[in-house]
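Report on the structure given below.
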Amino acid sequence: IFVREQGAEPIGTRLTRNPVDSQAVIKLFLPENARNVRIHIFDLIGRQVHEDDVGGAEVRWDLTDDRGRALPSGVYFYMVTAVLGENTTIRSDTGRILVVR
């Protein structure tokens, strides 16, 4: 059960283990009518290194960029976006992933 605090972002996330060395697993708590769900991964200076469609209540990221290259050790940030209703885009809070190779 995910209980959203009043005023909190409508998408909840929970990283199951941190730091990670081969894969990050992120549990998602989405509104029922959310669609076009996507995950966005950013490096420490804010460059997007990975983006992907989400097809369920869990994201598994293999710690690679959009070209399939393994990313080095470091801190990465993630955010999940979705669309509600006609065209309202919502997002999660920003989470942190520590990659240790």
Side-chain angles (χ1 to χ4, degrees):
I1 295 176
F2 174 70
V3 178
R4 186 169 63 94
E5 294 179 27
Q6 188 171 1
E9 296 296 339
I11 299 174
T13 66
R14 182 175 58 84
L15 188 61
T16 60
R17 189 171 54 102
N18 205 12
V20 296
D21 59 4
S22 62
Q23 175 177 252
V25 178
I26 304 164
K27 301 280 186 184
L28 304 179
F29 306 94
L30 301 164
E32 277 186 35
N33 54 350
R35 59 186 170 78
N36 298 340
V37 182
R38 299 190 62 78
I39 185 150
H40 309 268
I41 311 283
F42 303 91
D43 66 12
L44 192 58
I45 62 173
R47 293 178 297 199
Q48 184 168 294
V49 296
H50 184 75
E51 180 180 6
D52 204 0
D53 290 325
V54 175
E58 182 177 278
V59 175
R60 292 181 179 271
W61 177 47
D62 63 0
L63 313 182
T64 61
D65 66 12
D66 282 336
R67 295 181 184 170
R69 299 176 299 194
L71 291 168
S73 295
V75 176
Y76 295 86
F77 299 94
Y78 69 89
M79 176 180 61
V80 177
T81 60
V83 175
L84 289 178
E86 296 282 327
N87 285 325
T88 302
T89 300
I90 59 173
R91 69 173 198 83
S92 68
D93 286 331
T94 302
R96 288 181 291 278
I97 302 171
L98 176 59
V99 175
V100 178
R101 299 230 185 238

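Everything quoted here is computed from the prediction, not taken from an experiment.
Nearest heavy atoms, T13 versus F29: N-CD1, 4.1 Å. G56 and L28 make their closest contact through O-CD1, 3.9 Å (heavy atoms, listed as atom of the first residue, atom of the second, distance). In this structure, A24 and L15 approach most closely via the heavy-atom pair CB-CD1, 4.1 Å. Here the shortest heavy-atom pairing between P72 and V99 reads O-CG1, 4.0 Å.
By the criterion of side-chain heavy atoms lying less than 4.5 angstrom apart, applied directly or through intervening Ile, Leu, Val, Met, Phe, Trp or Tyr residues, M79 is not grouped with V54; the two fall into different hydrophobic clusters. Following chains of ILVMFWY side-chain contacts shorter than 4.5 Å, one can reach L71 starting from V20, so the two form part of one hydrophobic cluster.
N18 places a side-chain N or O within donor-acceptor distance of the main-chain N or O of R96, the cut-off being under 3.5 Å.
Partners of V75 under the side chain to side chain contact (heavy atoms under 4.5 Å, CB included) rule, at least two apart in sequence or in another chain, are L44, F77, L98. In this view, T64 and D62 satisfy the side chain to side chain contact (heavy atoms under 4.5 Å, CB included) rule, not counting sequence neighbours.
Side chains of V25 and R17 form no contact here, defined as non-hydrogen atoms less than 4.5 Å apart. Contact annotation: the side chain of D21 never approaches that of V100 to less than 4.5 Å [non-hydrogen atoms, C-beta and beyond]. Within the 4.5 Å cutoff, the side chain of Y78 has no heavy atoms near those of the V59 side chain. For the pair W61 and I26, the minimum side-chain heavy-atom distance is 4.5 Å or more.
Under a cut-off of 6.0 angstrom, the local environment of CZ in R101 is crowded, with over 12 non-hydrogen atoms contributed by other residues, nucleotides or ligands.
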Could you pull out every donor-acceptor pair under 3.5 Å between side chains of residues 33-42 and any protein atom, sequence neighbours left out?
{"unit_1": "R35", "atom_1": "NH2", "unit_2": "G85", "atom_2": "O", "d": "2.6"}
{"unit_1": "R35", "atom_1": "NH2", "unit_2": "E86", "atom_2": "O", "d": "2.9"}
{"unit_1": "R38", "atom_1": "NE", "unit_2": "E51", "atom_2": "OE2", "d": "2.8"}
{"unit_1": "R38", "atom_1": "NH1", "unit_2": "D53", "atom_2": "OD1", "d": "2.1"}
{"unit_1": "R38", "atom_1": "NH2", "unit_2": "E51", "atom_2": "OE2", "d": "3.4"}
{"unit_1": "H40", "atom_1": "ND1", "unit_2": "Q48", "atom_2": "OE1", "d": "3.4"}
{"unit_1": "H40", "atom_1": "NE2", "unit_2": "T81", "atom_2": "OG1", "d": "2.9"}

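A donor-acceptor pair shorter than 3.5 Å can be found between the side chains of H50 and D66.
Between atom CG of residue D52 and atom CZ of residue R60 there is a gap of 14.0 Å, rounded to the nearest 0.5 Å.
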